[in-house]
> 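First the structure, then my questions, so here it is.
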Amino acid sequence: MGRDRAFGGCTVLWALLAARVAAAFEPVSVGIAIGAVSALTGYLSYSDLYCRFAECCREERPLNASALKLDLEEKLFGQHLATEVILKALTGFRNNKNPKKPLTLSLHGWAGTGKNFVSQIVAENLHPKGLKSNFVHLFVSTLHFPHEQKTKLYQDQLQKWIRGNVSACGSSVFIFDEMDKLHPGIIDAIKPFLDYYEQVDGISYRKAIFIFLSNAGGDLITKTTLDFWRAGRKREEIQLKDLEPVLSVGVFNNKHSGLWHSGLIDRNLIDYFIPFLPLEYRHVKMCVRAEMRARGAAVDEDTVTKVADEMTFFPKDEKIYSDKGCKTVQSRLDFH
């Protein structure tokens, strides 16, 4: 009996090893290997075991709101509005078993304020592999849509790409970077997918998430933030209602924005316009400390101050806000 049990254990072990090796080759081999393991063990379903070796789309996978909150609070600096809105928006959306439309977020602010970083945090909390996931798709305007004369071609390609990927995973995430450099009209191709339709050509897009990143509106955000500072009010007093209406109108009328006169705004299909405030000296120092910790180095306050002092600030007289945010912190830290 003991010998039989040992033999069975070895068989299962070899089958598991075979499944792991097969995962490096192609799905059919993985399926055969996992099928063998499932038959031998009887403990795990085919899909459960398969997903241990290959990435699966877990549409019903609950969002760990506490983990997302911790990531935003510990890794994102000086952005109380973005932290609050993104946490509430994502939690509410993922807890809704029957959303009426996809979640669409438009992130605005100057470079280095944390827009790309937040999209990375969001991706990692929705799909374990983050930006490397098969279900997270990043489009960069200057890379994927460089030629204005090819707008119609880009629109067709974009529709096919989104349709195919949502068919494979309903909870797919689509991130559009450099929206301020996107040729007007291209993004309107995805309007049907963001609207209040139960299905479009037999496919439901209601559980997908679309995130737009743009520098457009940065001047409007800075003006409001500076007005608060000059009035002696804390930046944490700024509320979404102080900026969102101005942002939506400003971006809609901005000819240098991919959302210029866009039907996405006209039809109110963007759920939140999220402002990223310009970063102050103290926030730059927070970024330096975080980068040092990420490198496994002890935080040296002298070095933190030196790096922060090398940054340039605006407006010319007050010099309150970093003109590059935290964008060059990594490269500057390399010199210390």
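Computed from a prediction, not measured in an experiment: that's the story for all the values here.
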> Is it true that a side-chain atom of Asp242 and a backbone atom of Ile238 form a donor plus acceptor pair closer than 3.5 Å?
no

> I'd like to know if Leu277 and Tyr321 are part of one continuous hydrophobic network [Ile/Leu/Val/Met/Phe/Trp/Tyr, side-chain heavy atoms within less than 4.5 Å].
no

> Does the side-chain contact (heavy atoms from CB on, under 4.5 Å) test come out yes or no for Val246 and Thr224, once each step is laid out?
CA-CA 10 Å; Val246 180; Thr224 299; 5.8 Å; no

> Between Phe176 and Trp110, is there a shared hydrophobic cluster once you connect ILVMFWY residues whose side-chain heavy atoms come closer than 4.5 Å?
no

> Does the side chain of Phe193 come within less than 4.5 Å of Leu158's, by heavy atoms?
no

> Do the ring planes of Phe145 and Tyr154 sit parallel (below 30°), tilted (30 to 60°) or perpendicular (above 60°)?
perpendicular

> Going hydrophobic residue to hydrophobic residue with side-chain gaps under 4.5 angstrom, can you get from Phe335 over to Val288?
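Not linked; separate clusters.
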
> Establish, from distance only, whether the side-chain atoms of Asn125 and Asn64 form a donor-acceptor pair under 3.5 Å.
no

> When you check the side-chain N and O atoms of Asn254 and Ser257, is any donor under 3.5 Å from an acceptor?
no

> Any donor and acceptor pair, going by atom type alone, linking the side chain of Thr83 with main-chain N or O of His80 inside 3.5 Å?
no

> Would you find a donor on one side and an acceptor on the other, under 3.5 Å apart, between the side chain of Glu55 and the backbone of Lys129?
no

> With no hydrogens and no angle check, is any side-chain donor or acceptor of Gln159 less than 3.5 Å from a backbone partner on Ala189?
yes

> Sub-3.5 Å donor-acceptor pair from the side chain of Asn96 to the main-chain atoms of Gly92, do we have one?
no

> Hey, does Ile175 have a side-chain heavy atom less than 4.5 Å from the side chain of Phe212?
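No; the side chains remain at least 4.5 Å from each other.
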
> Test salt bridge (charged side-chain N to carboxylate O under 4.0 Å, His left out) on Glu280 and Arg282 and set out the steps.
CA-CA 5 Å; Glu280 299 173 6; Arg282 60 191 170 108; 2.9 Å; yes

> Taking a hydrophobic cluster as the set of Ile, Leu, Val, Met, Phe, Trp and Tyr residues connected by side-chain heavy atoms closer than 4.5 Å, whether directly or through intermediates, do Met286 and Phe276 fall within one such cluster?
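No.
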
> Does any N or O in the side chain of Glu244 come within less than 3.5 Å of the main-chain N or O of Phe273, such that one atom is a donor and the other an acceptor?
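Judged by distance alone, yes, a pair lies under 3.5 Å.
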
> Looking only at side chains, do His144 and Glu178 share a donor and an acceptor under 3.5 Å apart?
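No.
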
> Please say yes or no: joined through hydrophobic side-chain contacts below 4.5 Å, possibly via intermediate residues, are Phe252 and Leu220 part of one cluster?
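No.
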
> Please step through salt bridge (charged side-chain N to carboxylate O under 4.0 Å, His left out) for the pair Lys285 and Asp309, ending with a clear verdict.
CA-CA 9 Å; Lys285 294 182 79 171; Asp309 287 345; over 6 Å; no

> Start with the C-alpha distance between Arg267 and Asp195, add both sets of side-chain angles, then the distance that settles salt bridge (charged side-chain N to carboxylate O under 4.0 Å, His left out), and finish with yes or no.
CA-CA 8 Å; Arg267 282 275 297 160; Asp195 217 326; 2.9 Å; yes

> Determine whether a donor-acceptor pair (N or O, by modelled atom type, separation under 3.5 Å) exists between the side chain of Asp266 and the backbone of Ser262.
no

> Salt bridge (charged side-chain N to carboxylate O under 4.0 Å, His left out), that's the test. Do Asp227 and Lys223 meet it? Break it down for me.
CA-CA 6 Å; Asp227 287 344; Lys223 181 182 182 304; 3.1 Å; yes

> So does Ser141 get a backbone contact from the side chain of His183, meaning a donor-acceptor N/O pair under 3.5 Å?
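Side chain of His183 to backbone of Ser141, a donor-acceptor pair under 3.5 Å: no, none is there.
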
> Tell me if a side-chain donor or acceptor on Thr91 pairs with a main-chain N or O of Lys88 at a distance below 3.5 Å.
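No, because the side chain of Thr91 does not come within donor-acceptor range (under 3.5 Å) of the backbone of Lys88.
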
